[in-house]
Structures are given as C-alpha cells and as structure tokens.
There are 2 protein chains.
Amino acid sequence: MRQEDLQQMRTLRLFDGMAESYVESMLRASFLQRFPARVELAREGEPADFLHLIIDGQVEVYASHHRRETTVSILGPGQSFILAAVLLDRVYLKSARALSPSRILMIPAEAVRQYFERDVHFARSLGIELAIAYRDIVKELKNQKLRSSLERLANWLLARNTETGASGRFALPFDKKVLAARLGMAPEVLSRSFAALAAYAVSVDGSSVHLQDIDALRKVAHPSAFIDDPAT
Amino acid sequence: MRQEDLQQMRTLRLFDGMAESYVESMLRASFLQRFPARVELAREGEPADFLHLIIDGQVEVYASHHRRETTVSILGPGQSFILAAVLLDRVYLKSARALSPSRILMIPAEAVRQYFERDVHFARSLGIELAIAYRDIVKELKNQKLRSSLERLANWLLARNTETGASGRFALPFDKKVLAARLGMAPEVLSRSFAALAAYAVSVDGSSVHLQDIDALRKVAHPSAFIDDPAT
DNA sequence: TGATATTCTTGACTTTTATCAAGCCATTGA
DNA sequence: TCAATGGCTTGATAAAAGTCAAGAATATCA
C-alpha cells in the first residue's frame with residue numbers, strides 16, 4: 001500500500017479512538033484492492049469474508065430474488081458495506097458491484113471480529129456505525145412504503161440539490177437506469193416522472209438537472225426530516 | 001419492581017456479560033411501566049428518552065407521513081425498540097403503540113449511553129443487537145421490494161407455521177387489519193389474497209388458519225433463507 | 001341479552017406501476 | 001465516417017394494489 005493511502009485510511013471514522021498499534025495491525029492484515037467497473041464485489045448468500053471500505057469509486061448494493069432485483073443503496077468513498085454480516089459471521093444479505101473503477105479496502109472479517117472483542121473504541125465505533133446504517137435503512141423503508149415514485153424522485157432531486165450546494169443546478173451522478181433502480185422503479189417510470197416534473201419547473205437535459213422552482217418542487221415532494229435529512 | 005420481574009430482567013440478552021453492579025444500577029434507574037392497549041409508547045419526531053424493552057404484551061412499531069401510515073414491525077416479550085435513536089441521541093424515526101395491555105421496561109436513554117461508554121460488554125451487546133436489527137430490516141426491505149402482496153402473505157404464513165411448531169394449524173396472533181398493515185397492504189387486499197390462497201389449500205376461519213398443502217404453498221411463496229429465515 | 005361498534009369481506013372502480021415494443025439519440029470504436 | 005451498442009423515451013397495454021361503498025360477521029359492553 002502506498003504511504004498516502006495508508007495515511008488516509010488511518011483517519012477513517014471507523015478507527016476513531018482506536019489504539020494506533022491496533023489500527024496498524026488491522027491495516028496490515030487488509031488488502032487495498034482495485035476493481036474495474038461492473039465487477040461483483042460481494043454476492044448475496046456467501047459467507048462474509050471481508051469488511052469492504054470504499055476508498056475510491058462508486059458501489060451499488062443490491063439484492064435479487066426470483067428473477068427480480070432491487071438496488072438498496074449506492075455508496076461512495078469513506079463508506080463501508082456489509083458490516084452487519086461480518087460482525088455476526090453470517091452470509092451476505094446483499095450483493096455489491098462496482099459502478100465505476102474502484103479501490104476498496106478489504107479488511108478480513110476475522111480481524112474485524114477480533115478487534116471488536118479486543119478494542120473498546122472499535123466496538124463502540126462499530127455500534128455507532130451500525131446505528132447510523134440502521135436509521136438510514138429505516139428511512140429508506142419509509143421512503144418506499146409511504147411515497148409514490150414521483151414523490152421519491154422529487155425528494156431525491158431536492159436532497160441532491162442540497163448536497164451539491166443548493167445552486168439549483170447539478171449533474172446526475174450515475175446513469176438514469178441506476179437512478180431508477182435506486183429509487184425503486186422501472187426506467188420507463190423514471191422517464192415519465194421526469195416528464196411529469198417539467199410542470200414544476202424541473203428541466204433535464206441528459207445528465208444536467210436544473211431546478212427552477214424549488215418551492216413548487218417541495219410542494220410535490222412533501223420532504224420530511226424523518227426520511228430525507230441525513231443528519232436526523 | 002417485584003423481585004421476580006427483576007430476576008427476569010437481569011437475564012435479558014442485552015445484559016449478557018455485563019458487570020452485575022452495572023446491571024443493578026441500570027435497572028434501578030429504570031421504570032417498569034404498565035400500559036393499556038392502544039396507548040402510544042413513542043412518537044416519531046420526539047427525542048429518544050427511553051430505551052423500551054417489552055416484558056409483556058404486543059407492540060406495533062409504525063411510521064406516518066403525509067396521511068399515510070405503515071407498520072414496520074410487531075414486537076413481543078424480550079424485544080427492544082428504538083435502540084438506534086437512543087444510542088445516537090436523536091429523535092425517533094418511528095412511533096410505537098401497544099396492541100395489547102403491556103408491561104415495558106423503560107431504561108433512560110442517558111443511562112444507556114453512559115453504560116455504552118462505561119461497560120465493554122454492554123457496548124458489544126448493543127453492537128450485536130443493532131447488527132441483528134439491521135439485518136432484520138434489510139430482509140423486510142427485500143420482502144417489500146421484491147415480492148407481491150400475495151407472496152408476502154404466503155411467506156408469512158409459512159414462517160408463522162414454522163414458528164408455532166409446523167403443525168399446519170395456528171391462530172393469527174393479531175387482527176387481520178394489523179396483519180395487513182404488517183405485510184404492507186390494504187385490508188381489502190389481504191382478504192382477497194386469503195381468498196386466492198384457498199386454491200393452494202389454505203383455509204381460514206376467523207383467526208384459525210389451516211395449511212393443508214405446505215408444498216403447494218411453498219410453490220407460490222418462493223421462500224428464501226435470505227428474506228425469511230430469522231436465523232440467517 | 002340486545003344494542004352498538006368494529007372488523008371483515010366483496011364488488012366496482014381508479015390509480016399506480018410494470019411490461020413490451022419500437023424508435024431515437026449519443027457514444028464508442030474500427 | 002459509419003455501424004453498432006446501449007441508454008433513454010414514448011406509446012400501448014396489462015397487472016398489481018388502493019379506494020370507496022355496502023353489507024355480513026363478529027366482538028364489546030351496558
């Protein structure tokens with residue numbers, strides 16, 4: 001591993017407060033792996049071998065069942081995935097694939113469990129991390145069950161706008177196909193939803209989005225802190 | 001608190017391995033509260049005051065948004081709720097109401113956070129607990145997004161049958177209205193789904209269910225360990 | 001017990017979402 | 001430059017689920 005990569009990884013939130021020698025020894029046991037786009041990083045049903053930590057790139061987490069597939073989340077640098085399976089030594093409930101060329105820090109599951117037992121700070125970090133992940137997925141369940149697809153899109157646009165500086169203009173960070181999956185609808189439905197939002201001054205050209213009337217959009221979206229606010 | 005209640009609570013999984021004096025002091029700070037049916041135990045949006053632990057009774061956890069409501073889970077004795085909000089000192093994302101007269105052990109959020117910092121074993125217990133809760137809700141999200149309402153009902157029946165001893169006969173543990181909410185469908189849809197399952201030898205009379213051809217039912221249900229198996 | 005309320009079922013209908021098919025458009029690469 | 005590929009859009013249609021209304025069954029309680 002390169003020196004600067006190591007330096008970056010030591011500062012990961014997960015390692016906060018952890019004894020330095022432990023962090024070092026955990027990192028020594030880990031691999032920084034490079035993956036091309038489209039590669040499968042984890043497969044539903046397989047035993048949890050590694051905790052995955054995204055250093056670089058975009059990863060889609062999804063699940064399949066009976067010829068259907070659904071995207072659970074799309075993650076970026078600094079985020080980890082399948083922590084729960086690793087901690088409990090169970091099989092993955094979700095699969096993951098790289099959306100873009102990615103660099104992933106792979107920490108052996110065995111090491112994660114070991115240091116969970118050995119280091120109080122690490123145990124607490126994992127607890128906090130899991131609590132956050134839990135709340136995120138509760139929000140996602142509410143988003144799915146309490147909203148129509150049009151509302152989900154409208155809220156996603158508002159959230160994305162806020163994330164990117166609230167300028168009213170931003171680019172879609174991935175293909176519309178992927179966005180559709182992320183929002184839990186067929187690509188055709190996404191197309192139609194975008195068309196419907198034109199009435200609320202949402203204009204889309206390729207991957208550039210322009211929200212020209214945030215207030216109008218908010219009226220369709222009915223945003224709620226208890227679903228949409230990442231800080232809540 | 002009565003002596004036998006105290007005894008029962010000391011053995012809760014959450015307290016496993018925790019220093020006895022800590023358990024005692026945590027219990028001393030807590031209340032064992034009795035609630036009649038229908039009472040609201042926690043309300044979405046309010047700051048997390050207590051970790052709730054069900055000693056007795058049935059609790060429905062649900063969320064509301066914009067005139068819609070959805071049930072997230074129905075819990076029984078030994079289960080806790082809204083742990084994540086307590087640990088992170090955030091507001092509740094879900095509400096909870098008693099479905100039956102219930103006794104709830106209410107542990108002050110402050111105490112939970114304190115002992116999370118103070119006692120390693122408790123911190124680990126919470127981590128494990130959160131990991132399990134996380135996986136449960138991932139399964140629920142998959143159940144919702146990857147299945148039709150008929151499939152959800154069929155799988156719920158199979159799971160309930162297994163839970164109750166696989167005799168093929170069992171009683172619904174709550175009103176059909178509540179079951180419908182639990183499965184994410186309107187009561188009318190549940191009625192029709194039951195009617196549709198008659199073709200697969202499922203007979204329902206009031207709250208008694210009789211599964212006369214498990215294999216046939218499994219063919220409609222397509223059960224999956226990664227959604228339905230509580231042990232996976 | 002009878003009165004009342006609630007839950008449950010069924011029918012008719014609407015809305016939402018998915019599916020299939022065709023065509024367009026942009027990107028890529030020989 | 002052109003062909004090909006994959007992504008995106010649009011139309012037509014189907015399937016799934018929700019809503020409204022009415023009546024039947026069941027539970028609750030004075």
Side-chain angles (χ1 to χ4, degrees), chain A residues 36-38 60 64-71 97 99-101 143-156 171-199 202-209 220-222, chain B residues 36-38 60 64-71 97 99-101 143-156 171-199 202-209 220-222:
Chain A
R38 255 163 270 224
E60 180 177 20
S64 317
H65 175 65
H66 198 236
R67 319 235 154 229
R68 275 165 276 191
E69 180 180 307
T70 186
T71 296
R97 67 168 77 94
L99 283 183
S100 63
N143 195 32
Q144 284 295 327
K145 289 181 76 176
L146 295 169
R147 280 177 172 157
S148 69
S149 41
L150 188 72
E151 290 171 324
R152 290 200 296 277
L153 173 58
N155 279 293
W156 186 89
L172 300 177
F174 28 71
D175 284 351
K176 285 184 183 150
K177 210 176 94 159
V178 175
L179 177 59
R182 164 68 187 79
L183 294 175
M185 62 185 85
E188 292 95 327
V189 176
L190 179 66
S191 257
R192 290 179 177 118
S193 300
F194 268 127
L197 288 180
V202 173
S203 48
V204 183
D205 176 30
S207 76
S208 342
V209 176
V220 211
H222 300 286
Chain B
R38 255 162 267 227
E60 180 177 20
S64 316
H65 175 65
H66 197 236
R67 318 237 156 229
R68 274 165 276 191
E69 180 180 307
T70 186
T71 296
R97 68 169 75 95
L99 283 182
S100 63
N143 194 32
Q144 284 295 326
K145 289 181 76 177
L146 296 170
R147 280 179 173 157
S148 70
S149 42
L150 188 71
E151 290 171 325
R152 291 200 296 278
L153 173 58
N155 279 292
W156 186 88
L172 299 176
F174 29 69
D175 284 352
K176 286 185 182 148
K177 207 177 99 160
V178 176
L179 177 59
R182 164 69 186 78
L183 294 175
M185 61 185 85
E188 294 94 326
V189 176
L190 180 66
S191 259
R192 289 180 179 117
S193 299
F194 267 128
L197 287 181
V202 173
S203 48
V204 183
D205 177 30
S207 77
S208 342
V209 176
V220 210
H222 300 284

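Numbers restart at 1 for each chain; the letters A, B, ... are given by sequence-line order, proteins then strands.
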Nucleotide [N], atom [atom2] - distance to [atom1] of [X] in whole Å:
| X | N | atom1 | atom2 | answer |
| --- | --- | --- | --- | --- |
| B:Gln144 | C:dT17 | CD | P | 14 Å |
| A:Leu153 | C:dT16 | CG | C1' | 15 Å |
| A:Glu188 | D:dA12 | CD | C1' | 12 Å |
| A:Lys145 | C:dT17 | NZ | P | 15 Å |
| A:Leu172 | D:dG7 | CG | C1' | 13 Å |
| B:Glu151 | D:dA15 | CD | P | 15 Å |
| B:Arg192 | C:dA12 | CZ | P | 10 Å |
| A:Asp175 | D:dT9 | CG | P | 11 Å |

Within the structure, does a side-chain N or O atom of A:Lys176 lie under 4.0 Å from either OP1 or OP2 of D:dC8? no
Taking only the side-chain nitrogens and oxygens of A:Ser191, find out if one of them lies under 4.0 Å from OP1 or OP2 of D:dT10.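 The answer is no; no side-chain N or O of A:Ser191 sits under 4.0 Å from OP1 or OP2.
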Kindly indicate, with the supporting measurements, whether the criterion side chain to side chain contact (heavy atoms under 4.5 Å, CB included) is fulfilled by A:Val178 and A:Thr71. CA-CA 8 Å; A:Val178 175; A:Thr71 296; 5.8 Å; no
On DNA chain C, compare the nucleotides closest to B:Pro187 and A:Arg147; which residue's is nearer the 5' end?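 Upstream on the strand: B:Pro187.
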Using the closest heavy atom to pick a nucleotide of DNA chain C for each, name whichever of B:Ala195 or B:Arg38 lands nearer the 5' end.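 Nearest-nucleotide comparison on DNA chain C picks B:Arg38.
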If you count heavy atoms of other groups shown closer than 6.0 angstrom to CZ of A:Arg68, is the number above 12? yes
Tell me which nucleotide among C:dT19, D:dA16, C:dT17 gets nearest to the side chain of A:Ser149.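 So the nucleotide nearest the side chain must be C:dT17.
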Take A:Gln144 and A:Arg152 through the side chain to side chain contact (heavy atoms under 4.5 Å, CB included) test and state the conclusion after the steps. CA-CA 8 Å; A:Gln144 284 295 327; A:Arg152 290 200 296 277; 3.7 Å; yes
Stepwise, does the side chain to side chain contact (heavy atoms under 4.5 Å, CB included) test hold for A:Phe194 with A:Lys176? CA-CA 10 Å; A:Phe194 268 127; A:Lys176 285 184 183 150; 4.3 Å; yes
